[in-house]
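What you see below is based on every heavy atom in this structure, not just the backbone, and it leaves out hydrogens, waters and symmetry mates. Given the structure is predicted, the values throughout are model-derived calculations rather than measurements. So you know, we letter chains A, B, ... as the sequences are listed, proteins then strands, and number each from 1.
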Amino acid sequence: MQEDLFGANREESIGPGAMILRGFALDVGLLVGIAAVAAQAPFRHMLTPGGKQIGVEMTNCGAFGWVSDRRGYRYAPRDPLTDLPWPKMPDLFLSLATRAAQQAGFSGFRPDACLINRYAPGVKMGLHQDRDEAGFDAPIVSVSLGLPATFQFGGTDRRDPVARHTLQHGDVVVWGGVSRLAWHGILTLKPGQHPETGATRLNLTFRQAGYR
DNA sequence: AAGTACCC
DNA sequence: CCCG
C-alpha cells in the first residue's frame with residue numbers, strides 16, 4: 001500500500017464549478033503509466049468527420065476510449081487500430097482523478113474513460129465542448145504534464161467570452177455542474193523543452209462516458 | 001464535428 | 001506578417 005502524493009498547493013476558481021488545482025499531479029508514475037498505455041495502444045492522429053487530421057496525437061485507456069473518424073465522434077470499447085480493448089486504466093490514474101474531483105467539490109467521480117493527448121510545438125486544439133458522453137452529471141478532470149500551454153475556458157454558449165489560463169506541469173483542471181458543457185481549447189503550443197517530457201505536452205482527460 | 005479559410 |  002503506497003502513499004498517494006497528490007495535493008494541490010493552490011486552487012484557482014475559473015468559473016462556477018470550475019477550478020485549477022495547481023501542482024496536484026506531480027507523481028512521475030503518471031508518465032510511466034502513459035508510456036505503458038502507449039506501448040499497447042500507440043498514439044495516433046485521428047480524423048474529424050470532415051476528413052481533416054486532428055493535430056494532437058491521441059490514445060486512450062479505461063473501459064471506453066474517445067475516437068473520431070469520418071463516421072463521427074464517439075466512445076468505443078476497443079481500439080480501432082488493433083480491435084483490442086483499450087488498456088486498463090492504471091490505478092494511479094483513477095486515484096488521481098477521483099481525488100482531484102473530490103478536491104474540486106465533486107464526490108463519487110468514477111471515470112470509465114481516459115483520453116491521452118500528446119501535443120508537439122505548433123499544435124493546438126480548437127474551442128470545443130465535451131458532449132459525447134452519455135450523461136453530464138459527472139465532471140471533467142484534465143491533467144497537464146510537460147510543456148506549459150495556454151488553456152482557453154469560456155461558457156456554455158459558443159459566443160461567451162473566453163478567459164486564458166497558463167497550465168503548467170502537474171496542474172489539474174476540473175469542471176462540472178453548470179460549467180460541464182463549457183467551451184474550451186488549447187492555443188498553439190510554443191517550442192520548449194521540459195525535463196520530464198522533452199518537447200512535448202501530455203494531457204489526461206478523465207470522463208464518465210457510459211451510462212450508470 | 002476537437003478542422004480550415006477568410007475578412008477586418 | 002500575426003492575432004483575435
Worksheet item: Ignoring hydrogens and geometry, is there a side-chain-to-backbone donor-acceptor pair from N203(A) to V143(A) under 3.5 Å?
Response: yes
Worksheet item: In B/S/- notation, 5' to 3', how is nucleotides 1-8 of chain B contacted by protein heavy atoms closer than 4.0 Å?
Response: BBSS----
Fill in: Residue from Y75(A), W66(A), Y73(A) passing side-chain hydrogen bond (donor to acceptor under 3.5 Å, both in side chains) with D132(A)
W66(A)
Discussion item. Can a donor-acceptor pair be found, under 3.5 Å and without considering hydrogens, that links the side chain of Q208(A) to the backbone of R110(A)?
Written reply: yes
Worksheet item: Is the backbone of Q168(A) close enough, under 3.5 Å, to the side chain of R201(A) for a donor and an acceptor to pair up by distance?
Response: no
Response to the item:
CD1 of I140(A) to CZ of F206(A), rounded to nearest 0.5 Å, is 11.5 Å
Practice prompt. Check every strand shown and say whether R164(A) touches a base, only sugar-phosphate, or nothing at a heavy-atom separation below 4.0 Å.
Written response: sugar-phosphate
Worksheet item: Angle class for the H184(A)/F153(A) ring planes (parallel below 30°, perpendicular above 60°, tilted otherwise)?
Response: tilted
Discussion item. Would the distance check show the side chain of N117(A) and the main-chain N or O of V56(A) forming a donor-acceptor pair, the cut-off being under 3.5 Å?
Written reply: no
Fill in: Side-chain donor or acceptor of T98(A) paired with backbone N/O of L94(A) under 3.5 Å
yes
Fill in: For DNA chain B, stems built from three or more consecutive Watson-Crick or G-U wobble pairs below 3.5 Å
none
